[in-house]
Novice: 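Can you read through this structure? Questions will come right after.
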Protein chains: 2
Amino acid sequence: MARSTPSTRERIQEVALEMFARQGVQRTSLQDIANRLGITKPALYYHFSSRDDLVRSIVNPLIQEGEELVARHEQRDPVVVSELLEDYFDFHYRHREKLMLVLTELRILGEIESIDAALDWRRRLVGLVFGPEPTLDQAARAIMAFGGIQDCCLQLPDAPHQRLRTAAVDAALTVLGAAA
Amino acid sequence: MARSTPSTRERIQEVALEMFARQGVQRTSLQDIANRLGITKPALYYHFSSRDDLVRSIVNPLIQEGEELVARHEQRDPVVVSELLEDYFDFHYRHREKLMLVLTELRILGEIESIDAALDWRRRLVGLVFGPEPTLDQAARAIMAFGGIQDCCLQLPDAPHQRLRTAAVDAALTVLGAAA
DNA sequence: GTCTATATGCGGATAGAC
DNA sequence: GTCTATCCGCATATAGAC
């Protein structure tokens, strides 16, 4: 983390993320972002070809990293569910600011054509725990476990990291365990 | 359900809900809605004083009904958790189209100043199960249980109603039970 | 890589006639 | 209750100079 002077491109992403999170994507104009940085709109267009391009550049690395997480666990044999849940928690906790953005404005996933990737990601997570053809009961429990870990990260942001991690993962293991 | 010819006001709400759900609130202009109904924008303004007013008119009854559900269970002594969860499921299942709208665009709750009501609602639900000062572990489990029921309704829309109800409520009881 | 200047269009909203 | 006409503002986006 050298934190050398960030490039203009990176500064734009930083400020955009902060403003998107605070006042919403749609309500944040490129003008706003440019003003905040002391540059002009055309300068912004030099770095990002459109508004969606900017949003994509912020969200895509997240999707990428999530996919890698799943791929890593898919290669394990056997799958260790508790470690999967822990990694899943850490991923969400680490990126909770960006995730808050995505989840309070889920629609943007569709707008940047990433909705399919997100759905596929969910499907593969369930597959890791219950195989490719889960029963309805198993599907419900998987939704509750993974969704719940996500929600814990976002709804209890002030809780101490390690205690929250234990609480969330334990709760998830409880739901999953009763159907294993 | 007389389904007499709906008033223009009701037809606007119907069409708006359908378009909001399909293409998003922000991307649906009053012009779009008016065109679809074969009327003009000013005609729309006769029925709703602003765009937010229209959104509010669609979402508010939902919030209202949710509050009534919580209030009803708050008056019970003792609280019967399984029945609370069943009512909670039925509420979400019945209104899943509108809820999909709200949850894929959570930001709109802030825009119509209903975010506080929504947060308070969650807080009271947790209180019904674990009292006013839940531990972190209990809070995590409550988030997982209530959030999970919600997610099941929205993510498994094709599942048979009764089987889904049983699966979701059972799973929720499992998480809550282990901390009761 | 950043600027000035500007084109263009759409969205919300209102006035006032029918 | 619905229309025509219109205002205003802002957003996206481009051209071309420095």
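Each chain gets a letter, A, B and so on, in the order the sequences are listed, and its residues count up from 1. Keep in mind that this is a model prediction, so the values were computed, not measured.
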Novice: Go nucleotide by nucleotide along DNA chain D from the 5' end; which of A/R27 and B/P42 gets its closest nucleotide reached first?
Specialist: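 Result: B/P42.
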Novice: Check the surroundings of atom CZ in A/R163: do more than 12 heavy atoms from other residues, nucleotides or ligands lie under 6.0 Å from it?
Specialist: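 Open: at most 12 neighbouring heavy atoms sit under 6.0 Å from CZ of A/R163.
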Novice: Listed by chain and number, what are the salt bridge (Lys or Arg N to Asp or Glu O under 4.0 Å) partners of B/E74, not counting sequence neighbours?
Specialist: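 For B/E74 the salt bridge (Lys or Arg N to Asp or Glu O under 4.0 Å) partners, ignoring immediate neighbours, are B/R124.
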Novice: Counting only side-chain N and O atoms of A/S29, is one of them less than 4.0 Å from OP1 or OP2 of D/dA11?
Specialist: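 Yes, because at least one side-chain N or O of A/S29 sits under 4.0 Å from OP1 or OP2 of D/dA11.
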Novice: Rounded to the nearest Å, what distance is computed from the CZ atom of residue A/F48 to the P atom of nucleotide D/dA13?
Specialist: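 About 14 Å, once rounded to whole Å.
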Novice: Nearest-Å distance, NZ (A/K41) to C1' (D/dT12)?
Specialist: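 After rounding, the reported distance stands at 7 Å.
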Novice: Where does the angle between the aromatic ring planes of B/Y88 and B/H92 fall among parallel (under 30°), tilted (30 to 60°) and perpendicular (over 60°)?
Specialist: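 Judged by the thresholds at 30° and 60°, the geometry between B/Y88 and B/H92 is tilted.
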Novice: Please list, in 5' to 3' order, the outermost nucleotides of DNA chain C lying under 4.0 Å from any heavy atom of chain A.
Specialist: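 The protein-touched segment is C/dG1 to C/dA5.
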Novice: For B/W121 and B/F91, take the angle between the two ring planes, folded into 0 to 90°, and tell me which bin it lands in: parallel under 30, tilted 30 to 60, perpendicular over 60.
Specialist: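 B/W121 vs B/F91 ring planes: perpendicular.
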Novice: Please give, in whole Å, the distance from D/dC10 C1' to A/N35 CG?
Specialist: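 From A/N35 CG to D/dC10 C1': 13 Å.
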Novice: Any side-chain heavy atom of B/D90 within less than 4.5 Å of one from B/R165?
Specialist: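 Yes; the side chains approach each other to less than 4.5 Å.
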Novice: Under the criterion side-chain contact (heavy atoms from CB on, under 4.5 Å), I'd like the reasoning laid out for A/R72 against A/E67: C-alpha separation, chi angles, the key distance, then a yes or no.
Specialist: CA-CA 9 Å; A/R72 213 160 50 236; A/E67 295 239 321; over 6 Å; no
Novice: Write down the distance between OH (A/Y46) and P (D/dA15), rounded to a whole number of angstrom.
Specialist: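 Atom OH in A/Y46 sits about 16 Å away from atom P in D/dA15.
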